Amino acid sequence: MAGMNNTATSDPVAESLASFQETLDQVFLLIMGNMVLLMQCGFAFLEAGSVRSKNTSNILIKNLLDPFISGIAYWTVGFGFAFGEGNGFIGWRHFATSELPDSKLALFFFEFVFAATASSIVSGAVAERCEFVAYVIYSTVLAGFIYPVVTHWVWTPEGWLTQGLTYEINGVNETIGYHDFAGSGVVHVVGGTASFFAALFLGPRIGRFHKETGTVIRIRGHSVPLAALGGFILIFGFMAFNGGSNMTVSKPGDGAIISLAVVNSVLSGSSAAFTTLAIHKVGIMGQHWSLLNTLNGALAGMVAICAGCDTYRPWGAIIVGTIAAVSFNITSYLMIKLKIDDPVDAVAVHFGGGSWGVIAVAFLKYDTGILMSWDRRSGLLLAWQLVGYCSIALWAGGISLIMFGCLKLAGILRVPKEVEMKGLDISGHNEPAYPLETYGHGHLEKIITILEDGQLSHLHQGYVNGGFKKDLGPYESPEVKIMGTNEVRMVFSLEQAVSIEPKSWYQTPPAEGNGVLQERTSL
């Protein structure tokens, strides 16, 4: 009885502390997961700014749906494949979170947003020409099967890459396996590989490459500010992406590891940004201070640091970022040489950066990497990093090849030529991002400017909009009345502009003109 009483008796303070630590870890995962989820907004703005205005709504709805499609796919089967009990290759429990304790739901949420991130990578590579049905299919397969299997290999105790093998080193048995703290390989090589095959099977956008002359035509995105805003959000999200991958915050040493991961992420992104800035200025790949390439270079640096951000010293992060920038630019160059069109350089950022990130661990891991300790242990670590990298790339590439090949054979991978030329916003969604009828007003504005000779001039400018002058019918809005029927007219006074009769505009629309009414005279 005494033994039974001792067993039944527990320390309330210890129980309370354990409960508090568990709750703290769950809240940590939820907060970090929400910050990673915000990266979807970053992807959306970055990709929206990088495409032409006629495809903005299309790319935005795809980024909006990424977490929703991934949510259903990952909840239904993905989490079970990834973290369910199984063998070294795949799990097979907790499908649809069945029998999953409530205390593990924070883990589900955090892992789900990573799956959504892997899926979002592909949407930029297939922008402006991918069928919507094909997008839904590849997103489901990627988030529900391709990515979760790799997750099981690397981030579960029974995964074959996690377990590694035991070796005798200096008379001591040590287990050495694949190391990928935050997903350079698991997330970014998977997403980058899928992006490569998606772009390969889709083919380039119309007008991207001129076959006869070999000329590469740069198709500019419609908004650099939007792309830059998206990049800033992604950089913010990477702090949680890498720091949150520690998974706990209540154990001794957790704060130091999280801090190291965040600082290394900043330093790697910074060095990659400066290296890319220089590469595009000194004549290697251009002669300009390129904002967009610098931004992508910074993201490539943060992709590369993911694998070892918990093990590098800060000086190692600088090296990782510098080489990541080189890897990014070389991959981007090779994609163009292969005539594979990637509108946002997704392959270069994620595959180029992630590939180097996986390998860098073997060289810069403190203090057992090759640069610090040239021995059998570091050589075996390099071997396991290469085995893991090749396995991940072959798995993601093989499934992607089959999937995108089947979509192309079925004729549902790429939109028709006419749709691509006109844009996907109206034909696919009937929601142009920038409707023409919403621009302009019924006022005449006076704008003062300085001419090249130093003289002042004033410009009266406005839309010749009959809709604001006379109501000719039960229309929804004044702008709708005059769509496509604006006319450019030179006038000499505001009184003359007001006296112009708009009736003829409805009968005979002008052949050309943007509807700007203007008056310019020297002062």
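Because the structure is predicted, anything quoted here is derived from the model rather than measured.
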Quiz item: Can Val361 and Tyr312 be said to form a side chain to side chain contact (heavy atoms under 4.5 Å, CB included), step by step?
Solution: CA-CA 8 Å; Val361 173; Tyr312 301 140; 3.4 Å; yes
Quiz item: Which heavy atom in Val187 sits nearest to a heavy atom in Tyr147, and how many Å separate them?
Solution: CG2-CE1, 3.8 Å
Quiz item: Would a distance-only check, ignoring hydrogens and angles, find a side-chain to backbone donor-acceptor pair under 3.5 Å from Ser57 to Asp425?
Solution: no
Quiz item: Do you know the tightest heavy-atom contact between Asn87 and Ile90?
Solution: OD1-N, 2.9 Å
Quiz item: Is the backbone N or O of Met421 less than 3.5 Å from a side-chain atom of Lys54, with the two atoms forming a donor-acceptor pair by type?
Solution: yes
Quiz item: Has Phe209 got more than 12 heavy atoms of other residues, nucleotides or ligands less than 6.0 Å from its CZ?
Solution: yes
Quiz item: Which pairs pass ring pair (Phe, Tyr, Trp, His ring centres under 6.0 Å) with one or both residues in residues 315-353, sequence neighbours excluded?
Solution: His188-His350
Practice problem: Please confirm whether Phe241 and Phe114 have ring centers closer than 6.0 angstrom. | Solution: yes
Self-check item: Inter-residue atom distance Ser139.OG - Ile69.CD1, 0.5 Å rounding
Solution: 5.0 Å
Self-check item: More than 12 heavy atoms from other groups under 6.0 Å of CG on Leu100
Solution: yes
Self-check item: Distance (rounded to the nearest 0.5 Å) between Glu128 CD and Ile206 CD1
Solution: 10.5 Å
Quiz item: Do other residues, nucleotides or ligands put more than 12 heavy atoms under 6.0 Å from Tyr366 OH?
Solution: no
Quiz item: Under the 3.5 angstrom rule, does the side chain of Ser427 hit a backbone N or O of Gly423 as a donor-acceptor pair?
Solution: yes
Quiz item: Counting distance only, does the side-chain N/O of Lys408 pair as donor-acceptor with the main-chain N or O of Phe201 below 3.5 Å?
Solution: yes
Quiz item: Hey, are the side chains of Pro67 and Phe112 touching, using non-hydrogen atoms and a 4.5 Å cut-off?
Solution: yes
Exercise. Go through the side-chain N and O atoms of Asp66 and Tyr135 and say whether any donor and acceptor fall under 3.5 Å apart.
Key: yes
Exercise. Measure the shortest side-chain to side-chain distance between Arg52 and Arg205 over non-hydrogen atoms and say whether it is less than 4.5 angstrom.
Key: yes
Self-check item: Residues which pass ring pair (Phe, Tyr, Trp, His ring centres under 6.0 Å) with His222, listed by chain and number, not counting sequence neighbours
Solution: Tyr434
Quiz item: With no hydrogens and no angle check, do the side chains of Asn246 and Asp254 hold a donor and an acceptor under 3.5 Å apart?
Solution: yes
Throw together a table of side-chain donor-acceptor distances under 3.5 angstrom for residues 293-307, partners on residues two or more places apart or in other chains.
| unit_1 | atom_1 | unit_2 | atom_2 | d |
| --- | --- | --- | --- | --- |
| Asn293 | ND2 | Ser290 | OG | 2.9 |
| Thr294 | OG1 | Ser290 | O | 2.5 |

Exercise. Please name all residues satisfying ring pair (Phe, Tyr, Trp, His ring centres under 6.0 Å) with Tyr389, sequence neighbours left out, ordered by chain then number.
Key: none
Practice problem: State which residue, out of Asp341, Asp342, Ile330, fulfils the side chain to side chain contact (heavy atoms under 4.5 Å, CB included) condition with Met335. | Solution: Asp342
Practice problem: Report yes or no: does Arg129 contribute a side-chain atom to a donor-acceptor pair with the main-chain N or O of Gly203 at less than 3.5 Å? | Solution: yes
Quiz prompt | Heavy-atom donor-acceptor pair, Thr76 side chain to Ala73 backbone, under 3.5 Å | solution = no
Exercise. Start with the C-alpha distance between Phe20 and Ser250, add both sets of side-chain angles, then the distance that settles side chain to side chain contact (heavy atoms under 4.5 Å, CB included), and finish with yes or no.
Key: CA-CA 9 Å; Phe20 175 75; Ser250 64; over 6 Å; no
Self-check item: Counterpart residues, ring pair (Phe, Tyr, Trp, His ring centres under 6.0 Å), relative to Phe197 (two or more places apart)
Solution: none
Quiz item: Going through the distances and angles, do Ser120 and Gln40 end up as a side-chain hydrogen bond (donor to acceptor under 3.5 Å, both in side chains)?
Solution: CA-CA 7 Å; Ser120 294; Gln40 297 295 327; 2.6 Å; yes
Exercise. Please list, chain by chain and in numerical order, all residues satisfying side-chain hydrogen bond (donor to acceptor under 3.5 Å, both in side chains) with Trp155, sequence neighbours excluded.
Key: none
Self-check item: 4.5 Å side-chain heavy-atom contact, Phe108 and Trp75
Solution: yes
Quiz item: Counting distance only, does the side-chain N/O of Asn34 pair as donor-acceptor with the main-chain N or O of Leu30 below 3.5 Å?
Solution: yes
Exercise. Could you name each residue pair satisfying ring pair (Phe, Tyr, Trp, His ring centres under 6.0 Å) that touches residues 399-429, not counting sequence neighbours?
Key: Phe132-His429, Tyr138-Phe404
Self-check item: Residues forming a salt bridge (Lys or Arg N to Asp or Glu O under 4.0 Å) with Asp345, sequence neighbours excluded
Solution: none
Quiz item: Quick check: are there more than 12 heavy atoms from other residues, nucleotides or ligands sitting under 6.0 Å from CD of Glu158?
Solution: yes
Quiz item: Who are the side-chain hydrogen bond (donor to acceptor under 3.5 Å, both in side chains) partners of Arg414, not counting sequence neighbours?
Solution: Glu420
Quiz item: Does Phe145 have any ring pair (Phe, Tyr, Trp, His ring centres under 6.0 Å) partners at least two apart in sequence or in another chain, and if so, which?
Solution: Phe81, Trp395
Quiz item: Just by distance, do the side chain of Asp310 and the backbone of Ala261 share a donor-acceptor pair under 3.5 Å?
Solution: no
Quiz item: Any donor and acceptor pair, going by atom type alone, linking the side chain of Thr162 with main-chain N or O of Val154 inside 3.5 Å?
Solution: yes
Self-check item: Residues Gln26 and Ser103: side-chain donor-acceptor under 3.5 angstrom
Solution: no
Quiz item: Under the side-chain hydrogen bond (donor to acceptor under 3.5 Å, both in side chains) test, which residues partner Ser259, sequence neighbours left out?
Solution: none
Quiz item: How about Lys62 and Leu65: do any of their side-chain heavy atoms sit closer than 4.5 Å?
Solution: no
Quiz prompt | Test item: Phe89 and Val149 side chains (from C-beta on) under 4.5 Å apart, heavy atoms | solution = yes
Practice problem: Kindly indicate whether the side chain of Ser119, heavy atoms from C-beta on, has any atom under 4.5 Å from the side chain of Ser70. | Solution: yes
Practice problem: With sequence neighbours left out, write down each residue that passes side-chain hydrogen bond (donor to acceptor under 3.5 Å, both in side chains) with Glu47, or none if nothing qualifies. | Solution: Asn63, Ser123
Quiz item: So, Thr248 side chain and Lys251 main chain: donor-acceptor pair closer than 3.5 Å or not?
Solution: no
